[in-house]
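Down below is the structure, laid out as structure tokens.
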Amino acid sequence: MTLRPRARLLCLLLVAAAAPGCGGPAGSDATTSTLAAAATAAPVLPPAASPVATQDGLLPLLEVFRSPACGCCGAWVEHMQHAGFPVQVREVDDLEAVRRQMGVPFGKGSCHTARIDGYIVEGHVPAADIRRLLAQRPNARGLVLPGMPAGSPGMEMPDGHVQPYTVELVGHDGVSRAWSRHGD
């Protein structure tokens, strides 16, 4: 069965809205208004920010776009700040439109999307992987970590368990390949 782009978007939003802690329970007023907004409007993103001087030298500002209802996004932001990145958080109601505008491939989404020095960063990507991206500067869109793997930054488990996960590098053609593996 092939879905038209708008139908695929609505299906994805229904699944995302049902995720605990990241958008409220399915069928809630918040979910209904989010779905209505997603079907009709796309946000206009502000221009990318300039680098900011930090203790580690000049690191670019990490702009994080997230839902106001998601708690794990804040933990990932803290991870990035502890790693020395200056961070600016923008709360948005329609994260899927942000992903589309930034070029995150369909099916590679998580609960927050970021932009840093011309690259996208989707999901709970470790700071070390982002530093490597900035150092190597591959000709690509950026990094994605689909879903919300247990033990990834911002999703730490009390017992220290890390579910194996792979951070992917997404090319300009939308094709992704393994960038790093964690929790093996």
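Checking side-chain atoms of His79 against main-chain N and O of Ala127 turns up a donor-acceptor pair under 3.5 Å. Panel note: side chain Arg115, backbone Phe65; no donor-acceptor pair is recorded below 3.5 Å.
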Exercise. Show your working on side-chain contact (heavy atoms from CB on, under 4.5 Å) between Trp76 and Arg66 and close with a plain yes or no.
Key: CA-CA 11 Å; Trp76 183 76; Arg66 60 167 276 194; over 6 Å; no
Quiz prompt | Test log, rule side-chain contact (heavy atoms from CB on, under 4.5 Å), inputs Ile116 and Ile130 | solution = CA-CA 9 Å; Ile116 185 165; Ile130 297 171; 4.2 Å; yes
Practice problem: Determine, step by step, whether Val167 and Val144 satisfy the side-chain contact (heavy atoms from CB on, under 4.5 Å) criterion, reporting the C-alpha distance in whole Å, the side-chain angles of both residues, the deciding distance to 0.1 Å, and the verdict. | Solution: CA-CA 6 Å; Val167 174; Val144 296; over 6 Å; no
Exercise. Start with the C-alpha distance between Leu169 and Leu143, add both sets of side-chain angles, then the distance that settles side-chain contact (heavy atoms from CB on, under 4.5 Å), and finish with yes or no.
Key: CA-CA 5 Å; Leu169 179 71; Leu143 300 175; 3.8 Å; yes
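Geometrically, Arg99 does not engage Phe106 in a cation-pi contact, judged by NZ or CZ lying under 6.0 Å from the ring centre and within 45° of the ring axis.
Taking the six-membered ring where the residue is Trp, His182 and Tyr165 present parallel rings, their angle staying beneath 30° rather than reaching 60°.
Note that NZ of Lys108 is 3.5 Å distant from OG of Ser176, once rounded to the nearest 0.5 Å. In this structure, CD in Glu168 is found 9.5 Å from CZ in Arg181, a value given to the nearest 0.5 Å. Of the inter-residue distances, the one linking Asp129 atom CG with Leu133 atom CG reads 9.0 Å to the nearest 0.5 angstrom. Here CD1 of Ile120 is found 12.5 Å from CD of Gln101. Values are rounded to the nearest 0.5 Å. Taken from CG in Leu95 to SG in Cys73, the straight-line distance is 7.5 Å, to the nearest 0.5 Å. Interatomic distance, Glu91 CD to Cys70 SG, rounded to the nearest 0.5 Å: 10.5 Å.
Side-chain atoms of Val162 and Ser152, non-hydrogen and from C-beta on, never get closer than 4.5 Å to each other. Annotation: side chain of Val125 is not in contact with side chain of Trp179 (no heavy-atom distance under 4.5 Å). Put simply, the side chain of Leu59 reaches to within 4.5 Å of the side chain of Pro86, judged on heavy atoms. With a 4.5 Å cut-off on side-chain heavy atoms, Val92 and Ser67 do not count as touching. Side-chain contact between Leu134 and Asp117 is present, with at least one heavy-atom pair separated by less than 4.5 Å. Contact annotation: the side chain of Thr166 never approaches that of Leu145 to less than 4.5 Å [non-hydrogen atoms, C-beta and beyond].
The aromatic ring centroids of His124 and His112 lie less than 6.0 Å from each other.
The shortest heavy-atom contact between Pro149 and Gln163 is CA-OE1, 3.6 Å. When all heavy atoms are compared, the tightest approach of Gly154 to Cys72 is O-CB, 3.7 Å. Residue Gly147 comes nearest to Ser110 through the heavy atom pair O-OG, 2.7 Å, listed as atom of the first residue, atom of the second, then distance. The shortest non-hydrogen separation linking Arg132 to Ser180 is NH1-CB, 4.2 Å. Between Gly183 and Pro164, the shortest heavy-atom distance links the atoms O-CG, 3.4 Å. Closest heavy-atom contact between Ala114 and Leu62: CB-CD1, 3.7 Å.
Within a 6.0 Å sphere centred on CZ of Arg177, heavy atoms belonging to other residues, nucleotides or ligands number 12 at most.
In this model, a donor atom of one side chain and an acceptor atom of the other lie less than 3.5 Å apart for Arg90 and Gln88. A donor and an acceptor atom, one from each side chain of Thr113 and Glu122, are located under 3.5 Å apart.
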